[in-house]
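Notes for the one structure printed next.
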Amino acid sequence: MLEYDLHCHSNVSDGTLTPSALVERAAGRGVKVLALTDHDEVDGLAEAAQAAAAHGIEFINGVEISVSWRSHTIHIVGLHIDPNHPGLLEGLRSIRSGRRHRAELMAESLARCGIGGVLEGAYRYAANPDIIGRTHFARYLVEAGLCKDVRSVFSRYLVKGKPGYVPHEWAKLQDAIAWIRGSGGVAVLAHPGRYVAGRKPMGKTTLLELLKEFADLGGQGIEVVSGSHTPPQYAEFARYAKEFGLLCSCGSDFHGPEESYRDLGCLPDFPLECRPVWSAWEVAVA
């Protein structure tokens, strides 16, 4: 089993645990190297790093950047970033600035369907109001009794074609990669299996076009082992990593004990011939 978990979230974005509690849970589950990758925000990294030092965990500064690519929303994880890099910070601020307006439009759309008070309810679940997002809305709608769990809320209300969905223009792919690379980090395409699943998947041909563009723009890695991937997908994305010259990353994408595909840590080993993403910074240190 891998002792690395390089994709997880705290309540600084849309996770349910504080950075310190997240690290404590990771330590209890045998994680030796942990990256906190909150959505479009780095404010939890200092607290997580301090907790990791206390638990004897090697900590990697990370972030997950929201990107609009063609008609799809994708996510780029930055690993081993400098969280104080001006270009990265300004880029993340530009993404966060649009979240509040989107939240207002989502609440208005749900109100037209007879569901009121949603904006205030969502903000109660957002420890960091600058990162208000669909997950916070989903948690409130579960509390209000409209659905049994967060996943049900998304499929019923918050995905494209449903009453609470509001399209949004995130960062450009080339910008997200440039911000990460400029801060000294490694740019990783997060959970690619999720882009070929769901109600309107991008399809394999489009995924391959994404991978080529990502690599051509300076992207360096791909999540092979992800909490939302199946075992056959581990092998599939390992093949794509080799085809496009990408490093292989792994992460649970943990958000909280009751809401995640997989808990922190205890991730299966990479398929054979994978070049792990941590070789990028191990070489740099050496």
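When Ile177, Leu173, Leu208 are each tested for a side-chain contact (heavy atoms from CB on, under 4.5 Å) with Glu213, only one passes: Leu173.
Between Val224 and Pro271, some side-chain heavy-atom pair lies under the 4.5 Å cut-off. No side-chain heavy atom of Pro276 sits less than 4.5 Å from a side-chain heavy atom of Leu247. Between Arg99 and Arg102, some side-chain heavy-atom pair lies under the 4.5 Å cut-off. Side-chain contact between Trp170 and Ile74 is absent, with no heavy-atom pair separated by less than 4.5 Å. For the pair Ile131/Arg96, a side-chain contact is recorded, criterion being any heavy-atom separation below 4.5 Å from C-beta on. A 4.5 Å side-chain heavy-atom check between Pro201 and Tyr195 finds every atom pair outside the cut-off. Taking 4.5 Å as the limit, every side-chain heavy atom of Tyr234 sits out of range of all side-chain heavy atoms of Cys274. A 4.5 Å side-chain heavy-atom check between Glu209 and Phe214 finds every atom pair outside the cut-off.
Closest of all the heavy-atom pairs between Val42 and Gly62 is CG1-O, 4.3 Å. Of all heavy-atom pairs spanning Arg100 and Pro129, the tightest one is NH2-CB, 3.5 Å. Shown here for Cys8 and Leu22, the closest heavy-atom pair between the two residues is SG-CD2, 3.5 Å. Of all heavy-atom pairs between Asp269 and Leu2, the closest is OD1-N, 3.5 Å. Residues Ala190 and Val77 share a closest heavy-atom pair of CB-CG2, 3.9 Å. Looking at every heavy atom in both residues, Leu246 comes nearest to Gly219 through CD2-O, 3.5 Å.
There is a path of hydrophobic side-chain contacts, each under 4.5 Å, that joins Trp278 to Leu264. Note: the hydrophobic cluster containing Val31 also contains Leu45 (ILVMFWY, side chain heavy atoms under 4.5 Å, direct or indirect links). Neither Tyr165 nor Val142 shares a network with the other; the hydrophobic side chains, linked directly or stepwise wherever heavy atoms of I, L, V, M, F, W or Y lie under 4.5 Å apart, form separate groups for each. Each of Val12 and Ile65 belongs to its own hydrophobic cluster when Ile, Leu, Val, Met, Phe, Trp and Tyr are linked at side-chain heavy-atom distances under 4.5 angstrom.
Arg134 contributes a side-chain N or O that, together with a main-chain N or O of Leu158, makes up a donor-acceptor pair within less than 3.5 Å. Not a single donor-acceptor pair under 3.5 Å links the side chain of Ser109 to the backbone N or O of Leu105. With hydrogens and angles disregarded, a donor-acceptor distance shorter than 3.5 Å links the side chain of Arg262 to the backbone of Cys266. In this structure, Arg181 contributes its side chain and Val186 its backbone to no donor-acceptor pair below 3.5 Å. For His9 (side chain) and Leu36 (main-chain N/O), no donor-acceptor pair under 3.5 Å exists by modelled atom type.
Remark: Lys242 engages Glu273 in a salt bridge, criterion side-chain N to carboxylate O under 4.0 Å. Ionic pairing of Asp263 and Arg29 is present here: one or more N-O contacts between side-chain nitrogen and carboxylate oxygen are shorter than 4.0 angstrom. For the pair Glu90 and Arg93, the salt-bridge criterion is met [side-chain N within less than 4.0 Å of a carboxylate O].
Between the side chains of His7 and Glu223, a donor-acceptor pair is found at a separation under 3.5 Å. Ser20 and Thr18 form no side-chain donor-acceptor contact under 3.5 Å, judged by distance and modelled atom types alone. With hydrogens and angles left out, the side-chain atoms of Glu41 and Ser13 include no donor and acceptor closer than 3.5 Å. In this structure, a donor-acceptor pair under 3.5 Å is present between the side chains of Ser252 and Asp5. No donor-acceptor contact under 3.5 angstrom links the side chains of Asp82 and Ser183, judged on distance only. Side-chain contact check for His80 and Asn61: no donor-acceptor pair (N or O, by modelled atom type) lies under 3.5 Å.
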Give the intermediate values and the outcome of side-chain contact (heavy atoms from CB on, under 4.5 Å) for residues Val63 and Asp40.
CA-CA 6 Å; Val63 69; Asp40 308 319; 5.8 Å; no
Please step through side-chain contact (heavy atoms from CB on, under 4.5 Å) for the pair Cys147 and Tyr157, ending with a clear verdict.
CA-CA 10 Å; Cys147 290; Tyr157 292 106; 3.8 Å; yes
Mind running side-chain contact (heavy atoms from CB on, under 4.5 Å) on Ile76 and Val188 for me, showing each step along the way?
CA-CA 6 Å; Ile76 307 299; Val188 176; 5.9 Å; no
Apply salt bridge (charged side-chain N to carboxylate O under 4.0 Å, His left out) to Arg194 and Asp253, showing your working.
CA-CA 12 Å; Arg194 285 173 53 179; Asp253 197 10; 3.1 Å; yes
Evaluate Leu210 against Leu207 for side-chain contact (heavy atoms from CB on, under 4.5 Å), listing each step before the verdict.
CA-CA 5 Å; Leu210 169 61; Leu207 176 65; 4.3 Å; yes
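Atom-to-atom distance recorded for Ile132:CD1 and Leu119:CG is 6.5 Å, nearest 0.5 angstrom. For the atom pair NE2 of His168 and OG1 of Thr73, the computed distance is 9.0 Å after rounding to the nearest 0.5 Å. A distance of 8.5 Å separates CG of Leu267 from CG of Leu6, quoted to the nearest 0.5 Å. Rounding to the nearest 0.5 Å gives a distance of 10.0 Å between CG of Leu189 and CH2 of Trp69. Expressed to the nearest 0.5 Å, how far CZ of Phe137 lies from CG of Asp14 amounts to 13.0 Å. Atom OH of Tyr140 and atom CD1 of Ile115 lie 9.5 Å apart (nearest 0.5 Å).
Within 6.0 Å of the CD atom in Glu243, the count of heavy atoms belonging to other residues, nucleotides or ligands exceeds 12. Crowding of His72 atom NE2: a count of heavy atoms from other residues, nucleotides or ligands under 6.0 Å exceeding 12.
Taking the six-membered ring wherever Trp is involved, the centroid distance between the rings of His229 and His191 does not fall below 6.0 Å. Annotation: Tyr240 is in aromatic contact with Phe237 [ring centroid separation under 6.0 Å]. Taking the centre of each ring, His39 and His75 come in below the 6.0 Å mark.
Sorted by first and then second residue, the pairs that involve residues 225-236 and meet salt bridge (Lys or Arg N to Asp or Glu O under 4.0 Å), not counting sequence neighbours, are Lys204-Glu236.
In terms of the side chain to side chain donor-acceptor pair (under 3.5 Å) criterion, residue partners of Arg124 (sequence neighbours excluded) are, by chain and number, Glu143.
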